[in-house]
Every structure is written in C-alpha cells, then in structure tokens.
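I have placed the structure first, in the form of structure tokens, so that the comments after it can refer back to it.
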Amino acid sequence: MDDEREQLAGERRLIHDRLAKIEALRARGIDPYPRSFHRTHLAAEAIALLEALEALEALEAAGAAGAADATAGETGDHSRTEPVTVAGRIMARRGMGKASFIDLKDGSGRIQLFARQNMLGDDFELLELLDLGDIVGASGPVIRTRKGEPSIEVTSVTVLTKAIRPLPDKWAGLQDIEARTRQRYLDLISNEWAMRNARLRPAIVASIRKFMHARGFVEVETPVLVAVAAGASAKPFRTHHNSLNRDLYLRIATELPLKKLLVGGMEKVFEIGRLFRNEGVDHDHNPEFTTMESYEAYTDYKGVMEMVEQLVSTVAVDVTGSMTLAPSGEGGVEIDLTPPWPRLDLRETIIKETGIDFAVCNDVESLSQAMRERGIHVEQGLSWGRLLDKVISASVEPKLIQPAFLVDYPVEMSPLAKRKPGSDGIVERFEAFVLGSEMANAFSELNDPVDQRARFEEQEKLRTEFSDDETDRLDEDFLTAIEHGMPPAGGLGIGIDRLTMLIAREESIREVILFPQLRT
RNA sequence: GGCGCGCUAGCUCAAUGGUAGAGCAAGUGACUCUUAAUCACUAGGUUCGGGGUUCGAGCCCCCGGCGCGUCACCA
C-alpha cells in the first residue's frame, strides 16, 4: 500500500492496516466509533423469530395444501421475517466475491450475516474496511440459506467500533493460561467455556440470595477495613489509614460483626463478601475470595447442616437443572448432591482412616509421635489443634469425594463454637466436603461470654507460645457485645469460589475468578 | 519460599548443536449460498532479557523476568 507499511512488521503492521481503514472510513464520512445504536433483536431472538415464522408457515401450508404432497423441508426455505437489526462482534468471515458471509457474535450467541452486493449496493464496498474483531450493526430480514443456516440477509451495515488489534486464533482460541487471565476479555471472546464460567458464578450467587431471602434472611454489609483481623485463623493484609494515622487490616472473616447483629436483634442475617488472606496462591487459593456467612438465631449446627445440603443442591438444580454433576474429564466421577449427606463423626473417621484417636493422643507429644509413625510430616512448633488439622487434611479430606459432613470437632480447633453437652472437649461444629475440598464450615455459636473470653485468652496464649500469627485474635468489642446477650444461633461460612468450582467442574480457582491473582 | 516444567510470528504449534517452519489471522488477486469456505501469490521473527561454552546456540551452562505444576500454609 505504501512505503511506511513495508517497513512495519508483525503486530505493528496489523495495527497500521487497521488504522488505515479507520482513515478510509472517515474519508467516506463514516464515524468508526458512533455514540449509540438501536438494535431490535439479539442473535438468539432473531433466530427464534425465523423459527417461529417457519413453524407458522408450515402449519398454514399443511392446512392449505390439504392432502397435497407437502414438501415440508422446502417450505421453510422461503420464510423471510420482517427486517431486524442486530449488533455484535465479527468473529469470522467468508468472502465469496460479490457475496460475503460474516459470523456475528453478541451476548446471546451467534448469527450469520449474508451480505450480497445486489442487496447492499454501495455499502458492499464498506465490507472491505471491516476486520475480524470489529463491532458492527446489521439490518435485514432473517432467512435460511440453502445450507440451512439462519442468516440475516443484510440490507445495511453500520460500523459501531473498529478494533485495531487482531483476535486470537479463531479455531484454537486463546490457550496460554497467562494471557487468558491477564487478558480475560480475549478469553471471554474466544473461549466459550470461559464465558460459561463467567456467567455461572453470578447465577450461583443470585441463586444463593434467592434461597436465603426465601428463608427470611436479611443481607447486610460489614466493614472490610478492620482494626483487628479476627474471626478465623489466617494471616491478614495490613494497610494504613493516613489521617487517623493507624494501621488497619483487611478482614479475614465476617463472623464477628455478623454476630454483633445477632446481639442487636437481627435474627437471620447473611453477608456475601470478599475476604482477604495473606497466604499462598495456587489452583485452590486466591488471596481474595468470596464467602457467604449466615447466622440464624434459635437454631444449632444440625439446623445449619440441613440448610447447607438444601442450599447446595437447590443452587445446583437452579443453575444446571440437575442435582448430579456430570464427571469432568476422563476418569472423573459423577457427584450426587441429593440430600441428605452422610454425617461422619470426626473422631471415628480419623480413627478409621489413620488409627489415630485424638482423645488418646491428647497432647502435642503423643499426637506428633502418632503422626510420625504413620509417615505424616510433622512441622515443629505447631499447636495440638493445628497438628490435628494436618492429620485431617492429609488423611481424611482427600477421601471425601461425594458430599459429606465431618461432625464434632475438638474445642482446641474451634474457639468460636459451643461445647457439645456430655462430650468433654468437643464442640458442635461441622465442615462440609465435596471432591476432597472444604465447602462449608459451621457451628452452634458460642454465646457464653465467660467461656468465649477464656477461649480467646487460650488462643492468645497459643499465639505467644507457638508464635503463631494465624491463631485467632482477641476482639474486645465482640466480647462486650456478647456480654449483652447473643441468642443461641447456628452460623455458617460457605466458600463461593469453591462452590462455583464444584458446579462448573473446574479444578482451578482461576477458572471461576475473572481476574485472579497470578503467582509472582 | 524449595523443587520441577515452560516461554519461538498477532494466535495455535513445529524445528538431532548446523540456512527458524506450518496453519489461522494479515496484504494482493479470483469467486453471488459459505460456515475451520476454496485457489494462487506476498509479507510477517531481538526464538522472554543478559552473560557464557562452542567453528556454530531456539536447543547446552549461569544469572534475571514472567507463568504453570508440586511441596509447605490456608478455605
């Protein structure tokens, strides 16, 4: 085209060519970035319009022809809807000289544009200035081509946005995992499953809200910036407030403020929100992740257990239409979410899987010894509770493929849970597992302020003793609150990212978070 | 953070230590029912960056960058 172009190579030439087309459009008095556009139909609606017309005409033809030999397949070929206007991105183009086929993609799907010179007139030349990736509008009746493809017989084309960079490979899509996350928009454009996951997640969240609202829960919002990162054991992110001149933390749980609302008389509350934990990044963990926590007065962990199995199975039916999740990949298993899920006593299950009885190995010494004997890596300086946690995650959790509840945890691992009557050292707590992954954590909430203070102080002691900066921190405001009386209640935390992974049958959290943290 | 693997054209991928290739996308031309359209031709590369070994490095070695897997920690 010109000398300047000859000097350019690769991507820069591709961009140069498209910029030149923008100039050519402007020279014709066409704005390549117009303000707005009125579309009458989505791609899927345009196709549905044609199908409805075909069905109607087939009926009429059958009625009119009576006993005449109805060439049913042929009647549809002549159906032609009223003119429609669609808009979307050009995904593919097949030029045929004085005719051209363009695949247009919008939020509802794809539709083919059938452009012919005799229908488009002078506008046909405009097609020369269009590229894959451009966003255009097109008008015309919906017809079916000879090969049976629903298509818009284009009578006018409008440039809506000219793209100056090319799309990823139209067939292979975008494969590079780094590019797929850094440039998620390209992933969404070119990989269908990426868009499927991107839509699945909000559908799940909406379904959870519907479920909770139907049960009378009120959705609330509590602070992300907190003075004390309490309510769970995890390392927090620290930040600083300038004019207050003090350090603040990003919350690691929503538990304590929600329970303050319980004290205040909000008897059924939940929050769907982002939590932040300053820990590793892998296929299962993102430093910011989303949970739904709920608190319901006058129930206990058994009530919560029933709610969890109802919630998860209801959401699955809501968004997939089925209570069973088909196997993912080869050798995968089908997951059946149908309630009720088995309740497995934690102590018995650990004994069954490892032979370790935590009621016997009830100090750091004997538990470490038992772990070493069974080849479980023992890290020095861990508290008894954290050691047992390692036993569970190493030997028990991987076995829990189909949904199951592990029930009744040692008090040492659960500073916010209420003691189980008649069982020394055991609290009313459960965790839900599917595919070896923790989905939910719940308990009968501890509302004895004296016991709660003692538990916190025990945690603080552990923290000093084991210099464990992950154990729970004492939140004096929270203690004051429950000293005013918190009703008996069942509380729940459920991981939205994990739940989405489960329902999407994805093995990486990256696939269900639009912009995940990449590993440094 | 440790260990392992990867990074080649806009995208997807090739290339015994011996002239860096293909398909798609792009450009030119042909084509009025194609759909991974087809056909002909053309152009497109600091092989992630830096250093080293070698007559010769995309490939071997060292340092760095960015990812992924795995272990540890966690949900």
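Reminder, nothing fancy here: chain letters follow the sequence lines and each chain counts from 1.
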Ignoring backbone atoms, establish whether [X] has a side-chain N or O less than 4.0 Å from OP1 or OP2 of [N].
X	N	answer
A:K170	B:rA25	yes
A:K235	B:rA75	no
A:R182	B:rG67	yes
A:R165	B:rC11	no
A:R12	B:rA26	no
A:R116	B:rU32	no

Does any N or O donor sit under 3.5 Å from an N or O acceptor when you compare the side chain of [X] with the base of [N]?
X	N	answer
A:D169	B:rG10	no
A:R18	B:rG10	no
A:R180	B:rU12	no

By nearest nucleotide on RNA chain B, pick out whichever of A:A172 and A:S151 is the more 5' one.
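Upstream on the strand: A:A172.
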Which sits closer to the 5' end of RNA chain B, A:N118 or A:P168, going by the nucleotide each is nearest to?
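Comparing both residues, the 5'-ward one is A:P168.
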When the ring planes of A:F405 and A:F430 are compared, do they come out parallel, tilted or perpendicular, using 30° and 60° as the limits?
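Geometry flag for A:F430 against A:F405: perpendicular rings.
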[M] and [N], which share atom name [atom1], separated by this distance in whole Å:
N	M	atom1	answer
B:rC63	B:rC5	P	14 Å
B:rG69	B:rU8	C1'	22 Å
B:rA20	B:rA14	C1'	10 Å
B:rC59	B:rC3	C1'	23 Å
B:rU53	B:rC66	C1'	26 Å
B:rG27	B:rU32	C1'	23 Å

For a quick check of understanding: with a heavy-atom distance under 4.0 Å over all strands, which category does [X] fall into, base, sugar-phosphate or nothing?
X	value
A:E11	sugar-phosphate
A:N441	nothing
A:G173	sugar-phosphate
A:D282	base
A:E438	sugar-phosphate
A:N278	nothing
A:G10	sugar-phosphate

Does the A:S395 side chain pair with the main chain of A:E353, one donor and one acceptor, at a distance under 3.5 Å?
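Judged by distance alone, no pair lies under 3.5 Å.
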Side chain of A:S139, backbone of A:S156: donor and acceptor closer than 3.5 Å?
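Checking the backbone N and O of A:S156 against the side chain of A:S139, no donor-acceptor pair under 3.5 Å is found.
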CZ of A:R165: more than 12 outside heavy atoms within 6.0 angstrom?
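It does not: A:R165 CZ has 12 such atoms or fewer within range.
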So, A:F101 and B:rA37: ring centres less than 5.5 Å apart, planes less than 30° off, yes or no?
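No; by the centre-distance and plane-angle rule, A:F101 does not count as stacking on B:rA37.
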Is any side-chain N of the basic residue among A:R519 and A:D282 closer than 4.0 Å to the acidic one's carboxylate O?
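Salt bridge between A:R519 and A:D282, a charged N being under 4.0 Å from a carboxylate O: no.
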Between B:rG27, B:rC68, B:rA36, which one does the side chain of A:W171 approach most closely?
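Between B:rG27, B:rC68, B:rA36, the one nearest the side chain of A:W171 would be B:rA36.
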